[in-house]
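Below is one structure, written out as structure tokens, with a few remarks after it.
One-based numbering, in listed order, for ligands and for the atoms of each.
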Amino acid sequence: MTATDSIFNRITIVGAGLIGSSVARAVRKYEVCETLALVDANEAIISEARDLELADEYYTDVAKSVDNSDLIMLAVPVGAMASVGAAIAGNLKAGAIISDVGSVKESVFKALDPLLPEGVHLIPGHPVAGTEQSGPSAGFATLFDDRWCIITPPEGADEAALEKLSALWKAFGSRVEIMTPQHHDLVLAITSHVPHLIAYNIVGTASDLEEVTRSEVIKYSAGGFRDFTRIAASDPTMWRDVFLNNKDAVLEMLGRFSEDLTALQRAIRWGDGDALFDLFTRTRGIRRRIIDAGQDDAAADFGRTHED
Ligand code: NAP
């Protein structure tokens with residue numbers, strides 16, 4: 001790779017799945033470093049990444065892969081961050097930036113901070129972009145384009161390191177927002193984590209119905225169920241780790257959700273059509289604001305094409 005205005009000399013991405021491989025593709029597309037190393041503990045995954053020509057160097061040994069890297073981007077499930085931190089701690093170059101893409105921020109910082117040596121900069125982050133797919137073939141370079149990347153620097157973080165990390169995400173087309181890890185975890189609990197839990201739950205309930213009804217659930221899925229199944233197809237390891245690591249914020253938001261659900265239950269029981277109509281009007285407005293903010297497409301049925 002030859003880049004005239006590289007932000008980094010050498011980058012290592014740990015984890016070659018959906019997000020790691022998308023970061024790798026974006027690194028190459030926007031030429032933000034001279035040398036890109038990609039590492040995954042899984043031999044089959046790294047061989048798939050090699051076939052896709054995602055990087056300059058490929059490793060299955062995490063410790064070796066970070067030699068002389070200026071930026072190490074951890075793109076493994078949240079529950080694997082500590083073991084990766086322990087594996088790389090002894091091989092980090094002074095001044096290296098350690099960041100990540102994990103969907104939970106406070107627990108990742110707490111897991112990594114005690115493991116890393118003095119003289120390196122730990123600055124966690126989270127690109128709020130993804131799909132329900134996994135693995136190196138599922139990634140794409142424009143995944144982060146016009147999406148938010150939330151960076152959660154610890155107090156007193158090195159300004160120059162923060163600048164470089166922000167510049168990287170901006171080069172990928174992302175809009176960067178800085179916040180505390182606690183605030184990140186609370187916001188993402190309601191915008192991402194609880195919606196995933198609801199999807200897992202509704203699809204689980206339907207799959208527990210007896211066989212004959214279950215086939216009708218599939219047959220008539222376009223009634224709304226189908227869109228929940230997309231979310232409920234998300235990676236089980238990743239989402240198990242999200243819920244185990246963002247327990248407090250998820251339980252807090254789930255409490256609020258349950259209260260509101262009970263209020264809806266009452267409105268239906270007592271025939272309070274006004275309450276239902278008012279809520280449904282308000283929620284339609286939220287959808288409009290997401291489209292206006294450029295975070296989704298206005299096309300009907302999520303832009304699915306339909307035969308005439
Ligand atoms: P993924 O497609 O399953 O990729 C994760 C990769 O990391 C897998 O190849 C996995 O290998 C590998 N891995 C696991 N433990 C490892 C270890 N100790 N050392 C080296 N490699 C290891 O998952 P993903 O969707 O890219 O998610 C990665 C991170 O991005 C997670 O922290 C997630 O919270 C975050 N994130 C995801 C999304 C999304 O929509 N998916 C969006 C934003 C952020 P194995 O398969 O063999 O375990």
Side-chain angles (χ1 to χ4, degrees), residues 12-26 37-52 54-55 58-66 72-89 91 98-109 111-112 115 124-145 147-152 169 172 174 177 181 184-185 187-189 191-193 195-196 199-200 230-246 250 295:
T12 296
I13 300 169
V14 184
L18 169 74
I19 303 295
S21 75
S22 295
V23 172
R25 288 173 169 95
L38 188 54
V39 56
D40 200 291
N42 186 325
E43 187 77 56
I45 300 264
I46 208 66
S47 133
E48 191 179 335
R50 187 184 280 111
D51 291 345
L52 292 163
L54 294 179
Y58 304 89
Y59 297 84
T60 48
D61 181 340
V62 181
K64 232 164 140 185
S65 75
V66 301
I72 294 96
M73 183 67 81
L74 310 184
V76 296
V78 168
M81 296 285 181
S83 69
V84 172
I88 64 175
N91 275 24
I98 322 303
S99 191
D100 75 306
V101 296
S103 306
V104 182
K105 296 276 54 89
E106 192 177 8
S107 71
V108 166
F109 184 79
L112 290 172
L115 299 170
H126 176 208
V128 187
T131 76
E132 67 280 16
Q133 295 177 331
S134 310
S137 300
F140 49 101
T142 54
L143 178 63
F144 312 110
D145 193 22
R147 296 279 169 262
W148 287 97
C149 180
I150 299 173
I151 299 182
T152 59
W169 287 107
F172 294 171
S174 294
E177 181 92 21
H184 167 280
D185 291 354
V187 172
L188 269 291
T191 59
S192 171
H193 306 169
H196 274 80
Y200 282 125
R230 183 190 69 74
I231 299 177
S234 300
D235 190 73
T237 306
M238 171 192 156
W239 283 98
R240 175 202 63 199
D241 287 2
V242 166
F243 293 115
L244 294 180
N245 286 279
N246 198 20
V250 167
Q295 297 300 300

Exercise for the section: For residues Leu38 and Arg50, determine if any side-chain heavy atom of one lies less than 4.5 Å from a side-chain heavy atom of the other. Expected result: no
Problem - Note, Ile231 side chain near Glu132 side chain (heavy atom, < 4.5 Å) - result: no
Handout entry: Under 4.0 Å to a heavy atom of Gly15 - the qualifying atoms of ligand 1, by number
Key = 7 (O)
Handout entry: Residue portion contacting ligand 1 (non-hydrogen atoms closer than 4.0 Å) for Ala41
Key = both
Problem - Taking atom 28 (C) of ligand 1 as the reference point, the nearest protein heavy atom with its distance - result: Ala75 O, 3.4 Å
Handout entry: Sidechain-backbone polar pair: Asn91 side chain, Ala63 backbone, donor-acceptor under 3.5 Å
Key = yes
Problem - Heteroatom distance test (Gln133, ligand 1): nitrogen or oxygen, under 3.5 angstrom - result: no
Handout entry: Nearest-contact summary for atom 46 (O) of ligand 1 - protein heavy atom, Å
Key = Asn42 ND2, 4.2 Å
Exercise for the section: Using a strict 4.0 Å cut-off to heavy atoms of Pro77, name the atoms of ligand 1 that fall inside it. Expected result: 7 (O), 14 (C), 31 (C), 32 (O)
Handout entry: Location of contacts on Ala129 toward ligand 1, heavy atoms closer than 4.0 Å
Key = backbone
Fill in the blank from the handout: The option among Asp235, Val242, Asp40 carrying the non-hydrogen atom nearest to atom 6 (C) of ligand 1 is Asp40
Practice task
Give yes or no for whether the N/O distance cutoff of 3.5 Å, strictly under, is met between Gly135 and ligand 1.
Solution key: yes
Problem - Phe144 vs Ser22 side-chain heavy atoms within contact, under 4.5 Å - result: yes
Exercise for the section: Below 4.0 angstrom from a heavy atom of Val84, which ligand 1 atoms are there? Numbered from 1 as shown, please. Expected result: 17 (C), 18 (N), 19 (N)
Practice task
Compare all side-chain heavy atoms of Ser103 with those of Met238 and state whether any distance is below 4.5 angstrom.
Solution key: yes
Practice task
Mark up the atoms of ligand 1 that fall under 4.0 Å of a heavy atom belonging to Val78, in ascending order.
Solution key: 32 (O)
Completion exercise
One finds that the ligand 1 atoms under 4.0 Å from a non-hydrogen atom of Gly102 are 32 (O)
Exercise for the section: Decide whether an N or O pair under 3.5 Å exists between His126 and ligand 1. Expected result: no
Practice task
Could you tell me whether Val76 and ligand 1 have an N or O pair separated by under 3.5 Å?
Solution key: yes
Exercise for the section: Please answer whether the main-chain N or O of Thr60 pairs with a side-chain N or O of Asp40 as donor and acceptor at a distance below 3.5 Å. Expected result: no
Exercise for the section: Mind checking whether Pro127 contacts ligand 1 via backbone (N, CA, C, O), side chain (CB onward), both or neither, at a 4.0 Å heavy-atom cut-off? Expected result: backbone
Problem - Donor-acceptor under 3.5 Å (Thr12 side chain, Ser65 main chain) - result: yes
Problem - Nearest heavy atoms of Val104 and Asn245, plus distance in Å - result: CG1-O, 3.3 Å
Practice task
Ignoring hydrogens, just give me the one of Ile19, Val101, Ile13, Leu188 whose non-hydrogen atom is nearest atom 24 (P) of ligand 1.
Solution key: Ile19
Exercise for the section: Tell me, please: is Ser21 in heavy-atom contact with ligand 1, that is, under 4.0 Å? Expected result: no
Handout entry: Geometric N/O contact Leu18 with ligand 1, under 3.5 angstrom
Key = yes
Practice task
State the atoms of ligand 1, each with its element, that fall below the 4.0 Å cut-off from a heavy-atom position in Ala80.
Solution key: 15 (N)
Handout entry: Under-4.0 Å heavy-atom contact between protein and atom 2 (O) of ligand 1
Key = yes
Handout entry: From CA spacing to verdict: side chain to side chain contact (heavy atoms under 4.5 Å, CB included), Val78, Ser107
Key = CA-CA 8 Å; Val78 168; Ser107 71; 3.9 Å; yes
Problem - Donor-acceptor contact present, side-chain Tyr200 to main-chain Ser234, <3.5 Å - result: yes
Completion exercise
For Ser134, the ligand 1 atoms with a heavy-atom partner under 4.0 Å come out as 2 (O)
Handout entry: Pair Thr131-Phe140, side chain to side chain contact (heavy atoms under 4.5 Å, CB included): steps then yes or no
Key = CA-CA 11 Å; Thr131 76; Phe140 49 101; 4.0 Å; yes
Practice task
Answer with side chain, backbone, both or neither: which part of Thr131 has a heavy atom less than 4.0 angstrom from an atom of ligand 1?
Solution key: backbone
Exercise for the section: Just say parallel, tilted or perpendicular for the rings of Trp169 and Phe172, cut-offs at 30° and 60°. Expected result: perpendicular
Exercise for the section: Find the distance between CD1 (Ile19) and CE (Met73) and round it off to the nearest 0.5 Å. Expected result: 11.0 Å
Practice task
List the closest protein heavy-atom neighbour of atom 4 (O) of ligand 1: residue, atom name, distance to the nearest 0.1 Å.
Solution key: Gly17 CA, 3.1 Å
Exercise for the section: Indicate whether atom 15 (N) of ligand 1 is within a distance of less than 4.0 angstrom of some protein heavy atom. Expected result: yes
Problem - Pairwise side-chain contact, Leu188 with Ile150, heavy-atom cut-off 4.5 Å (strictly under) - result: yes
Problem - atom 36 (N) of ligand 1: nearest protein contact (heavy atom, Å) - result: Ser103 OG, 3.4 Å
Exercise for the section: Could you tell me whether the side chain of His126 reaches within less than 4.5 Å of the side chain of Thr152, counting heavy atoms only? Expected result: no
